[in-house]
Amino acid sequence: MNNKQLDYTNITISEATAMQKELQNSLVHSPLEQEIKTIAGADISLNRFSDIIYAGIVTLDFNTLKPLAYSLVKSKTSFPYVPGFLAFREVPALVEAFLQMTVKPDVIMVDGHGIAHPRRLGIAAHLGALINIPTLGCAKKKLYGNFEEPSAVKYSFSPLKHKEELLGYVLRTKNYVKPVYISPGNHLSIEDSLHIAMHCIGTYRLPEPTRKAHEFVNLFRTGQLKEGFFQLTTNDTLF
DNA sequence: GCGACAG
DNA sequence: ATCTTGTCGC
């Protein structure tokens, strides 16, 4: 990864598309070999009509799903929101937050899609192509593909496909609540992404990594947390 | 031309 | 993404 790949100022949709096709070629979707001890959630928050982005990555213990550390970065985005090109708007800030971490997570769950994307390079795959850490996407809405509604019972799922190609899974994380869309980003298989997401389901609709990341970046945006990398102590009282 | 369209 | 209050009941 170099800085050129992170400066998305003044690039056109056509150039962005070409960049996606190139990055897509570098993806690896072999099954994860290493044991997962920590998993992080990555998300951004911003004020309406503002181009100031509050990005954050929150690391959790994979077994207890409790926060262990977090990295927060404030930066200005240089790309508008265009469906299919979300990464060009949010990834630079997420990479900054990642580089700031002195202790890296084993896997990162990103708020958005992985390969469930028109060119198989959603934000989770894009981020995973830039950093050398396995990533998966967890989106709240479908961007691409077709699926049958999974049953209303928690943990039920159904394949998300484009024609005959499997892209990921639609997963019910809570009874009678809208499902989430899971797909691998980089360095993970499609099945890995589903299993990891299922493991991270707690009491709420969003899996814990994504839910915590969302919570932390909002506290950051509203001035209740400060920029930087912090490791939580057992003595830390959160809220 | 028409519908779909992550955050 | 963010802004918002109440309402419904698997």
Side-chain angles (χ1 to χ4, degrees), chain A residues 8 13 16-17 20 23-24 41-58 72-95 97 108-129 135-147 149-156 160-163 167-186 193 197 203-207 209-224:
Chain A
Y8 300 140
I13 291 297
T17 301
Q20 290 181 326
L23 283 174
Q24 198 280 141
D43 192 16
I44 66 100
S45 177
L46 41 72
N47 288 308
R48 196 137 80 142
F49 307 130
S50 169
D51 55 357
I52 298 301
I53 281 195
Y54 296 83
I57 298 179
V58 180
L72 301 171
V73 164
K74 177 180 176 179
S75 76
K76 179 181 285 189
T77 184
S78 59
F79 203 87
Y81 169 64
V82 180
F85 300 89
L86 176 64
F88 293 88
R89 177 174 176 74
E90 303 186 352
V91 146
L94 291 180
V95 170
I108 299 179
M109 178 182 282
V110 184
D111 192 0
H113 291 96
I115 62 170
H117 176 280
R119 288 165 295 284
R120 315 298 184 270
L121 196 85
I123 187 168
H126 193 131
L127 178 65
T135 60
L136 70 152
C138 173
K140 298 180 289 299
K141 295 177 184 173
K142 184 194 78 171
L143 168 66
Y144 186 75
N146 304 292
F147 67 97
E149 193 70 19
S151 100
V153 182
K154 182 176 180 177
Y155 292 113
S156 58
L160 175 60
K161 310 194 301 184
H162 172 255
K163 298 187 178 179
L167 301 171
Y169 289 99
V170 182
L171 175 64
R172 189 81 61 184
T173 50
K174 185 176 182 188
N175 291 173
Y176 299 99
V177 168
K178 288 197 303 178
V180 295
Y181 303 79
I182 305 298
S183 61
N186 201 6
S193 69
T203 312
Y204 303 86
R205 181 195 180 210
L206 296 181
T210 296
R211 193 177 75 82
K212 281 294 162 189
H214 194 264
E215 184 174 300
F216 277 59
V217 292
N218 272 311
L219 288 171
F220 178 35
R221 178 174 59 84
T222 54
Q224 301 169 73

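Numbered from 1 within each chain, the chains take letters A, B, ... in sequence-line order.
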A.B. asks: Using a 4.0 Å heavy-atom cut-off, does A:L86 contact any base of the nucleic acid, only the sugar-phosphate backbone, or nothing at all?
C.D. replies: base
A.B. asks: Once you round it to whole Å, what is the distance between C1' of B:dG7 and CZ of A:F79?
C.D. replies: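 From A:F79 CZ to B:dG7 C1': 13 Å.
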A.B. asks: Could you state the CG-P distance from A:L94 to B:dA6, rounded to the nearest angstrom?
C.D. replies: 18 Å
A.B. asks: Between C:dA1, B:dG7, C:dC10, spot the one nearest the side chain of A:R89, thanks.
C.D. replies: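 Closest nucleotide to the A:R89 side chain: B:dG7.
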A.B. asks: Decide whether A:Y181 and A:H113 meet the rule of one side-chain donor and one side-chain acceptor closer than 3.5 Å.
C.D. replies: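 Per modelled atom types, A:Y181 and A:H113 side chains form no pair under 3.5 Å.
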A.B. asks: Classify A:G137 by what it touches in the nucleic acid, base, sugar-phosphate, or nothing, heavy-atom distance under 4.0 Å.
C.D. replies: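 No contact.
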A.B. asks: Mapping A:Y176 and A:I44 to their closest nucleotides on DNA chain C, which lands nearer the 5' end?
C.D. replies: A:I44
A.B. asks: Quickly work out the A:K178 NZ to C:dC10 C1' distance and round it to whole Å.
C.D. replies: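 One finds 16 Å between C1' of C:dC10 and NZ of A:K178, rounded.
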A.B. asks: Using side-chain heavy atoms (C-beta onward) and a distance below 4.5 Å, is A:Q20 in contact with A:H117?
C.D. replies: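 Yes; the side chains approach each other to less than 4.5 Å.
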A.B. asks: If you only use heavy atoms from C-beta on, which nucleotide in B:dG7, C:dT2, C:dC10 is closest to the side chain of A:D43?
C.D. replies: B:dG7
A.B. asks: Heavy atoms, side chains only, cut-off 4.5 Å: are A:R211 and A:M109 in contact?
C.D. replies: no
A.B. asks: May I ask you to verify if any side-chain N or O of A:K141 is less than 4.0 angstrom from the OP1 or OP2 atom of B:dC5?
C.D. replies: no
A.B. asks: Could you tell me whether A:K212 and A:D43 make a salt bridge, using a distance below 4.0 angstrom between a side-chain N and a carboxylate O?
C.D. replies: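 Result for this pair is no, no salt bridge flagged.
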A.B. asks: Does a side-chain heavy-atom distance below 4.5 Å link A:F85 with A:R119?
C.D. replies: yes
A.B. asks: Can you tell me the distance, in whole Å, between the NE2 atom of A:H117 and the C1' atom of B:dA4?
C.D. replies: 14 Å
A.B. asks: How close or far is atom P of B:dC5 from atom CG of A:N146, stated in whole angstroms?
C.D. replies: 10 Å
A.B. asks: Is there a side-chain contact between A:N175 and A:V153 (heavy atoms, below 4.5 Å)?
C.D. replies: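 Side chain of A:N175 against side chain of A:V153, heavy atoms only: contact under 4.5 Å found.
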A.B. asks: Give a yes/no answer on whether the side chain of A:H113 brings an N or O atom under 4.0 Å of OP1 or OP2 in B:dC5.
C.D. replies: no
A.B. asks: For A:Y81 and B:dG7, do the ring centres fall under 5.5 Å apart while the planes stay under 30° apart?
C.D. replies: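 Yes, the aromatic ring of A:Y81 stacks with the base.
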A.B. asks: Stem list for DNA chain C, please, built from Watson-Crick and G-U wobble pairs under 3.5 Å and keeping only runs of at least 3.
C.D. replies: none
A.B. asks: Please report, rounded to the nearest Å, how far the P atom of B:dG3 is from the CG atom of A:L143.
C.D. replies: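 After rounding, the reported distance stands at 19 Å.
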A.B. asks: Quick check on C:dA1: is either OP1 or OP2 less than 4.0 Å from any side-chain nitrogen or oxygen of A:H214?
C.D. replies: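 A:H214 to C:dA1 OP1/OP2: side-chain N or O found under 4.0 Å.
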A.B. asks: NA contact type, A:N218, heavy-atom cut-off 4.0 Å: base, sugar-phosphate, or nothing?
C.D. replies: sugar-phosphate
A.B. asks: Find the distance A:R119:CZ to B:dA6:C1' and express it as a whole number of Å.
C.D. replies: 12 Å
A.B. asks: Between A:Y54 and A:F220, is a ring pair (Phe, Tyr, Trp, His ring centres under 6.0 Å) present by the stated rule, with each step listed?
C.D. replies: CA-CA 7 Å; A:Y54 296 83; A:F220 178 35; 5.2 Å; yes
A.B. asks: Take atom CZ of A:R48 and atom C1' of C:dA1, then tell me their distance rounded to the nearest Å.
C.D. replies: 9 Å
A.B. asks: What contact category does A:F85 fall into here, base, sugar-phosphate, or nothing, at under 4.0 angstrom with non-hydrogen atoms?
C.D. replies: base
A.B. asks: Counting the atoms with a prime plus P, OP1 and OP2 as sugar-phosphate, which does A:D111 contact under 4.0 Å by heavy atoms, base, sugar-phosphate, or nothing?
C.D. replies: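 Since only primed, P, OP1 and OP2 atoms lie under 4.0 Å of A:D111, the category is sugar-phosphate.
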A.B. asks: Under 3.5 Å, side chain of A:R205 to main-chain N/O of A:T173, donor-acceptor pair present?
C.D. replies: no
